[in-house]
Amino acid sequence: MAAVAAASHVGGRQFLGRMWTKAFSIPCRHHKQKKKWAATRPKISAKRLALQNFDMNYSMQFGSLWPSIRVSLLSEKKYGALFNNFSNIEQITQELECLNAVDFILESQKVVQDLNPAAGHQDSESAVSTGPLAVPAKSQAQPPPSLSTLISPNIKCYTFPKGDISLFPPARPDTIGILGYYLLDAASVLPVLALNVQPGDFILDLCAAPGGKTLALLQTGCCRELAANDVSISRTGRLNRVLHSYIPPNVYDIVRITSGDGRKWGDLEANTYDRVLVDVPCTTDRHSVMEEDDNIFKSMRKGERQMLPMLQLELLVSGVLAAKPGGEVVYSTCSLSQLQNEYVVERAVELLNIQYNIEVRVEDLSIFRRLFQDTFTFFPNCRLGELVVPHLSSNFGPMYFCKLHRLG
Ligand SMILES: C[S@@+](CC[C@H](N)C(=O)[O-])C[C@H]1O[C@@H](n2cnc3c(N)ncnc32)[C@H](O)[C@@H]1O
C-alpha cells in the first residue's frame, strides 16, 4: 500500500505505515467498492468539497468556535506588511505610520512590561533579570534583550489594529529599486519569530517558496548562511524573484537556493543546521474554500490530499535530522487540521525516538499567545504548539507552529 511504502521511505518501519493508515483512515485498496455515478450527477466544486470536509472535521475539533472561524475563513483576509530592513528605513517607517499601522512585534514589548511592571522603573544599566520576561526600561526601538532571547530579532511587521480592515497600498521601489515591505498574512511571521534565530546561525528553510518566511529570516540580520529549498522549480523561480526585489546583492550572497525533495535533506545534510524551518505543504484551508485554482480538494488530487500528513511527517523528520544536535526546528502549516498539525508532530517525535534514537523536546510556546493577543486570535486548547485561528476582528491565519528542540 502507498502509505506503507512512504513510511518505509522515512524509516523502513512498516508499523508506522500501519499506524498512520489507521490514524488517517486511508481505505485499503481491496476494501474499496466501485461506485457507480450517474452521467448527469452534478460536479461539486473543489471549494464546496473543502467546506464540506471542514464542516465535518472542524465542527468536531473546534465545537462552538467553528461557526466563527468558518465565517472568517470565508471573509476577506487581513494582511501585514513585513518591513524590509534593507530598504529606506525612515521613509518606509513614515509611510506605514501615516497609515496608522503599527509594528505588532514592537507592540508586544508593552505586554512584556505589563507582565513585569518593575522593568519600567529601572534603567537598562541597573535592570536585574528576575525571570524570563524581565526587561530593562530603555530601548524603545529594539525589543528588550529578554524578548530577543525568546524570538528572532530585528523583524518588524506592521498591521492595522483589530477591527480595522484597511488595506496596505502595494510597496514601491526605492531609489535603488528595492521594495520597502512585503505583504503577507502577518501570522506567517510567527513561525519565524519562534525559530529564535541567533547571530551566526546556519539556517535551512526546507519548503521555502514563494519566500515570505525566507525574507523574514533574512530580516534578522543573523544568518551566516541560509539554505532555501523547495521541490518546485517554478516556485523557486518565484522565490528568486522575491529575493531580488527585496535584498541587496551582498545579502543575496549568503542565500543558497535549491530545488530538491526536502525529504532527502536528513540524508544529504544530516546534523548540519542551527535552525530549520519546515513550513510544509498542507490543505491551505483559506485558499481551499475561496479559490478554485490550484485547489487540493479537486477530485483528481484526492490521492495527494490523503498523503499530505505522510509527506508532512517525512519533511519534519528530515528537517530534524538536518539540524545539529542542540539545534531548533519549527514546523508550521496554514491549516486548522489536527491531523496535519499536532498529530504530525507527535508521530515525528515518536519516529525520531524509535527509529533514530534521537530525543526531541517540544517547546512551550504559550508565551506567544500572551505577547501577540492584541493582534491575533489564538486557539486556547492546542496540546502541542500554537494555532492562530481566523476571526472577523483579526482575520489572519490559520497558522499552526510548533517548535522542536533536538537534544541528541
Ligand atoms: C506552505 S508552502 C511554503 C511557503 C513558504 N515557506 C513561504 O513562506 O512563502 C509549501 C511549499 O512546500 C513545497 N513542497 C512540497 N513538497 C515538497 C518537498 N517534498 N520538498 C520540498 N518542498 C516541498 C511546495 O512547493 C510549496 O512551495
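Heavy atoms only: backbone and side chains are in, while hydrogens, waters and symmetry mates are out.
Residue F160 places its CZ atom among more than 12 non-hydrogen atoms of other residues, nucleotides or ligands, all under 6.0 Å distant. The number of heavy-atom neighbours closer than 6.0 Å to CZ of R301, taken from other residues, nucleotides and ligands shown, is above 12. For N357, the CG atom sits in a loose shell: 12 or fewer heavy atoms of surrounding residues, nucleotides or ligands are nearer than 6.0 Å. Heavy atoms from other residues, nucleotides or ligands lying under 6.0 Å from CZ of R224 number more than 12. With a 6.0 Å radius and a threshold of 12 heavy atoms from other residues, nucleotides or ligands, L99 has its CG atom above the threshold. Within 6.0 Å of the CE atom in M56, the count of heavy atoms belonging to other residues, nucleotides or ligands exceeds 12. Residue-environment remark: CZ (R172) stays at or below the threshold of 12 foreign heavy atoms within 6.0 Å. Atom CD of E76 has 12 or fewer neighbouring heavy atoms from other residues, nucleotides or ligands inside a 6.0 Å radius.
Considering only residues two or more places apart in sequence or on other chains, H244 meets the ring-ring contact (aromatic ring centres under 6.0 Å, His included) condition with Y252.
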Exercise. Might you work through the ring pair (Phe, Tyr, Trp, His ring centres under 6.0 Å) test for Y273 and F202, ending with a clear yes or no?
Key: CA-CA 5 Å; Y273 295 92; F202 188 16; 4.5 Å; yes
Quiz prompt | Working for salt bridge (Lys or Arg N to Asp or Glu O under 4.0 Å), residues D185 and K77 | solution = CA-CA 8 Å; D185 182 333; K77 65 178 173 182; over 6 Å; no
Quiz item: Is there a salt bridge (Lys or Arg N to Asp or Glu O under 4.0 Å) between E386 and R369 once you walk through the steps?
Solution: CA-CA 8 Å; E386 293 297 333; R369 249 184 285 159; 2.8 Å; yes
Quiz prompt | Criterion ring pair (Phe, Tyr, Trp, His ring centres under 6.0 Å) on Y181 and Y246, from CA distance to verdict | solution = CA-CA 8 Å; Y181 52 84; Y246 284 88; 8.7 Å; no
Exercise. Apply side chain to side chain contact (heavy atoms under 4.5 Å, CB included) to the pair L277 and I203, showing each step before the final yes or no.
Key: CA-CA 8 Å; L277 181 62; I203 298 174; 5.9 Å; no
Practice problem: Test E107 against K156 for salt bridge (Lys or Arg N to Asp or Glu O under 4.0 Å), laying out the working first. | Solution: CA-CA 10 Å; E107 287 294 295; K156 304 186 199 91; over 6 Å; no
Exercise. Under the salt bridge (Lys or Arg N to Asp or Glu O under 4.0 Å) rule, what do K302 and E304 come out as? Steps first, then yes or no, please.
Key: CA-CA 5 Å; K302 189 173 175 192; E304 182 189 346; over 6 Å; no
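Of the possible donor and acceptor atoms, none in the side chain of S259 sits under 3.5 Å from a partner among the backbone N and O of V231. Side chain of R305 to backbone of T283: no donor-acceptor contact under 3.5 angstrom is found. Side-chain atoms of R406 come within 3.5 Å of backbone N or O of L321 as a donor-acceptor pair. Side-chain atoms of S87 never come within 3.5 Å of backbone atoms of I178 as a donor-acceptor pair (strictly under, hydrogens ignored).
In this structure, a donor-acceptor pair under 3.5 Å is present between the side chains of N353 and E359. Remark: the T258 side chain and the N229 side chain contain an N/O donor-acceptor pair separated by less than 3.5 Å. No side-chain donor from either of T220 and N154 sits under 3.5 Å from a side-chain acceptor of the other. Side-chain polar atoms of S335 and T333 form no donor-acceptor pair below 3.5 angstrom.
Between D279 and S332, the closest heavy-atom pair is OD1-OG, 2.7 Å. Shortest non-hydrogen contact noted between T159 and T375 is OG1-CG2, 3.9 Å. When all heavy atoms are compared, the tightest approach of N341 to L336 is ND2-C, 3.7 Å.
With respect to E328 and K403, a salt bridge is recorded, a charged nitrogen being found less than 4.0 Å from a carboxylate O. No salt bridge links R256 with D205; every basic N to acidic carboxylate O contact stays at or beyond 4.0 Å.
Side-chain rings of Y79 and F168 stay apart, their centers remaining 6.0 Å or farther from each other. Aromatic ring centres of F54 and F297 lie closer together than 6.0 Å. Proximity of the aromatic rings of F376 and F368 is defined here by a centroid distance below 6.0 angstrom, and this criterion is not met. Taking the ring centroids of F372 and F104, they lie under the 6.0 Å cut-off.
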